[in-house]
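What follows is a single structure, written as structure tokens, with notes after it.
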Amino acid sequence: MTSARAFLRVGRRVLFERYTFLWLFLSAVLLTLSLPPFDFSLLAWIALVPLVIILENRPVRESFWLGFIWGAVLWLLTVYWSFVYHFVALPSVVFLMSLYPALFAVIYSYVQKRINWSKLIVFPVTWLVVEHFRSIWVYAFPWNVIGYSQHCNIPLIQVASYGGVWLISYLIVFFNVSLAECWQRKGRGAAKFIPPAVLLVLAGLFYWGKQQVPPFVKPDGPSISLIQANFPIDMKFRPENIDILIKRTRELKSQEPRLVVWTETAILNYVLTEENARNKLFDLAEEMNASLLVGAPSVEMGDNNQVVYYNSALLIKPDRKIGGVYNKIHLVPFGEFLPLARKFKFMEKLEEMVNSGGFTAGKEYRLFRLDGQSFGVLICFEGVFDSLVRKFVNRGAHFMVNITNDGWSKSVASHYQHLAFAVFRAVENRIYFVRAGNTGVSAFIDPYGRFYEKSGTYSRALLTNRIGKAGARTFYTRYG
């Protein structure tokens, strides 16, 4: 108990230390402005300098609190919209996600004191390890990865085909540390040469990337239509939504799409078991002479005769057959399932209280076929996981379709934050990436991260365009 009080006293002292909070606040604000929806991407290259300086030669306990406070400011500024989901969502996300920069600060402080290595090595490597860890386990939430700040910098991000968004993160952090090192040494000795040297490397990567990006040529592959219905979140459960979507799909008949994409949980009908809904979709696909990709829940009997629910995507073929079902693999913790709820009976009531969805994670990386090409489907949150996309592409996917519904956030910021992930998934794997959102942003992205058609947010839209052939598998696709 005494040690806990002492730990809290350290946190209080750090918080009210002269100018410390202002420096931490400045760093978090600069990083926030570099990320979507603001996209002042150049700010990312200086945003961490105050944090690097503040963490210099700090005891481990102080480092924890410095990292935690910095993280709390950043996450409050960037995911403020999460409060609309549930009153505990925002404080929970801020607290849990702030533990990651706190963990980073502790590891950095500990390693720096015990190994006589330059911060130019320790700081960026530690940052990258912790940032990557935040993206790879079942409760992962890889929002605010610093590399995503460069999603508009098309030439520079081409190097992601070798190192993913993580290589971009490393370059940004390394440059920040080199600036801080030069500042702290007052430009004396070798420190003054480091930032120019890093700038030279970045200029070389920028030039190389520019050479990799060919002039845009309109693709001549299969034609795909996206329906952005813009259903308000409180109207999501209306049974008549299926009829509205059928009507809007018919408006596309003259454009002769080969695939029409409806968004995540566009309808709440259990198509596999509801004959009426299934026949409506069969009739529509036959009439359009096109496949329909429909986001809808599905249900089956699991072990011990328990009913199992999935967040699914179904492919309806023009020959009145179901061309496959993909069940979402990476669910949103607390949004689609409650951790440990299946293991402890007392948590079932809590699951109902937080309205966690009660879905079960799928296991199969299902591929669908369209005019000789294979494609995978990512449902909403899954688009943020680079490893998930790599697995689909390594299994033969030529392009990816992401169906989502970001309308629940009631925030334009969340839409554009989510969109930035799609740009990197396209570049990392050199594939066409198609994104259909209920309230936006719906888009077609080429293998170099360029939008060649894009909708706005909170508006109705019908988008039709073609996709091309994917390039050869990249180094990052093969090896990660």
Side-chain angles (χ1 to χ4, degrees), residues 216-231 240-267 271 277-296 313-324 368-379 397-405 415 419 422 426 431-447 450-470:
F216 179 76
V217 177
K218 193 173 177 66
D220 58 0
S223 178
I224 299 176
S225 291
L226 314 178
I227 296 184
Q228 184 171 303
N230 196 36
F231 291 137
E240 61 266 33
N241 284 357
I242 188 171
D243 297 315
I244 295 172
L245 286 164
I246 289 172
K247 182 180 177 181
R248 301 216 72 198
T249 300
R250 285 176 173 147
E251 295 175 24
L252 297 164
K253 193 169 185 180
S254 62
Q255 299 188 42
E256 299 181 344
R258 298 296 299 132
L259 175 69
V260 179
V261 181
W262 294 3
T263 59
E264 177 197 20
T265 55
I267 58 175
V271 178
R278 188 167 62 252
N279 285 335
K280 283 184 177 183
L281 296 178
F282 282 160
D283 291 344
L284 180 63
E286 188 176 33
E287 178 188 341
M288 295 288 295
N289 191 30
S291 297
L292 303 176
L293 183 66
V294 178
L314 304 92
L315 188 70
I316 311 297
K317 306 282 281 185
D319 59 1
R320 304 185 70 85
K321 293 180 181 177
I322 293 178
F368 302 104
R369 298 287 292 175
L370 177 68
D371 293 354
Q373 294 197 49
S374 297
F375 69 95
V377 176
L378 305 166
I379 299 178
H398 298 108
F399 67 96
M400 295 297 299
V401 178
N402 184 201
I403 57 175
T404 186
N405 183 6
H415 287 67
L419 179 67
I431 55 170
Y432 282 84
F433 199 99
V434 179
R435 189 175 192 272
N438 171 44
T439 53
V441 177
S442 300
F444 289 85
I445 307 171
D446 80 355
R450 296 176 294 192
F451 295 101
Y452 57 99
E453 188 167 5
K454 184 171 69 169
S455 72
T457 56
Y458 294 103
S459 60
R460 290 184 178 181
L462 299 176
L463 277 63
T464 301
N465 221 309
R466 294 181 180 274
I467 59 158
K469 292 183 178 179

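In this text, all values refer to a predicted model and were calculated from it rather than measured experimentally.
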Worksheet item: Which atom pair, heavy atoms only, marks the closest approach of Pro219 to Gly468?
Response: CB-N, 3.4 Å
Discussion item. Under the criterion side chain to side chain contact (heavy atoms under 4.5 Å, CB included), I'd like the reasoning laid out for Leu293 against Trp262: C-alpha separation, chi angles, the key distance, then a yes or no.
Written reply: CA-CA 6 Å; Leu293 183 66; Trp262 294 3; over 6 Å; no
Fill in: Heavy-atom neighbours of Arg450 CZ exceed 12 at 6.0 Å
yes
Worksheet entry | Donor-acceptor pair, side chain of Ser455 and main chain of Ser442, under 3.5 angstrom | yes
Item to complete: Decide yes or no on side chain to side chain contact (heavy atoms under 4.5 Å, CB included) for Val260 and Ile227, but give the supporting numbers first.
Response: CA-CA 8 Å; Val260 179; Ile227 296 184; 3.9 Å; yes
Discussion item. For a quick check under 3.5 Å, do Arg258 and Ser223 share a side-chain donor-acceptor pair by atom type?
Written reply: no
Worksheet, complete the sentence: To the nearest 0.5 Å, atom CG of Asn230 lies from atom OG1 of Thr457 at 9.0 Å
Fill in: Backbone N/O of Val441 and side chain of His415: donor-acceptor pair under 3.5 Å
no
Discussion item. Looking at Asn289, is its backbone amide N or carbonyl O close enough to the side chain of Glu256 to form a donor-acceptor pair, meaning the two atoms are under 3.5 Å apart?
Written reply: no
Discussion item. Any non-hydrogen side-chain atom of Glu286 less than 4.5 Å from a side-chain atom of Pro318?
Written reply: no
Discussion item. Rounded to the nearest 0.5 Å, what separates atom CD in Glu240 from atom CD1 in Ile267?
Written reply: 13.0 Å
Practice prompt. Please report the C-alpha distance between Glu287 and Arg250 in whole Å, then the side-chain angles of each, then the deciding distance to 0.1 Å, and finally whether the side chain to side chain contact (heavy atoms under 4.5 Å, CB included) criterion is met.
Written response: CA-CA 9 Å; Glu287 178 188 341; Arg250 285 176 173 147; 3.1 Å; yes
Response to the item:
Between Ile224 and Phe444, the two heavy atoms sitting closest are O-CZ, 3.3 Å
Discussion item. Can you tell me how the ring of Phe375 sits relative to the ring of Phe368, calling it parallel under 30°, perpendicular over 60° and tilted otherwise?
Written reply: tilted
Worksheet item: Are Leu463 and Ser225 side-chain neighbours, meaning at least one heavy-atom pair lies under 4.5 Å?
Response: no
Worksheet item: Would you say Arg248's side chain and Glu251's backbone share a donor-acceptor pair under 3.5 angstrom?
Response: no
Item to complete: Supply the atom-to-atom distance Leu292 CG to Leu259 CG, rounded to the nearest 0.5 angstrom.
Response: 8.0 Å
Worksheet entry | Inter-residue atom distance Ile316.CD1 - Ile322.CD1, 0.5 Å rounding | 4.5 Å
Fill in: Distance in Å, Asp446 CG paired with Ile431 CD1, rounded so as to fall on 0.5 Å steps
11.5 Å
Worksheet item: Do you know the tightest heavy-atom contact between Leu315 and Ser291?
Response: CD1-CB, 4.0 Å
Discussion item. If we count only N and O atoms by modelled type, under 3.5 Å, do the side chains of Asn465 and Glu453 hold a donor and an acceptor together?
Written reply: yes
Discussion item. Quick check: closest heavy atoms across Arg320 and Phe282, and the distance to 0.1 Å?
Written reply: O-CZ, 3.5 Å
Discussion item. If I take atom CD1 from residue Ile244 and atom OG1 from residue Thr249, how far apart are they, to the nearest 0.5 angstrom?
Written reply: 11.5 Å
Discussion item. So does Leu378 get a backbone contact from the side chain of Asn402, meaning a donor-acceptor N/O pair under 3.5 Å?
Written reply: yes
Worksheet entry | Distance-minimising heavy-atom pair for Leu245 and Ala229 | CD2-CB, 3.9 Å
Worksheet item: Does a side-chain heavy-atom distance below 4.5 Å link Met400 with Val434?
Response: no
Worksheet item: Are Tyr452 and Phe216 side-chain neighbours, meaning at least one heavy-atom pair lies under 4.5 Å?
Response: yes
Worksheet item: Is there a donor-acceptor pair under 3.5 Å between the side chain of Glu264 and the backbone N or O of Ile379?
Response: no
Worksheet item: Backbone N or O of Ser459 within a donor-acceptor pair of the Gln228 side chain at under 3.5 Å?
Response: yes
Worksheet item: So, do Met288 and Lys253 sit near enough that their side-chain heavy atoms are less than 4.5 Å apart?
Response: yes
Fill in: Minimum side-chain heavy-atom gap Val261-Ile403 below 4.5 Å
yes
Discussion item. Can you tell me if Asp220 has over 12 outside heavy atoms packed within less than 6.0 Å of its CG?
Written reply: no
Worksheet entry | Check: Gly221 main-chain N/O paired with Arg466 side-chain donor or acceptor under 3.5 Å | yes
Fill in: Heavy-atom check, side chain of Phe451 versus side chain of Leu419, under 4.5 Å
yes
Item to complete: Write down the atom of Gly437, the atom of Thr263, and the distance for their closest heavy-atom approach.
Response: C-CG2, 3.3 Å
Practice prompt. May I ask you to test the Asp283-Lys280 pair for a side-chain heavy-atom distance under 4.5 Å?
Written response: no
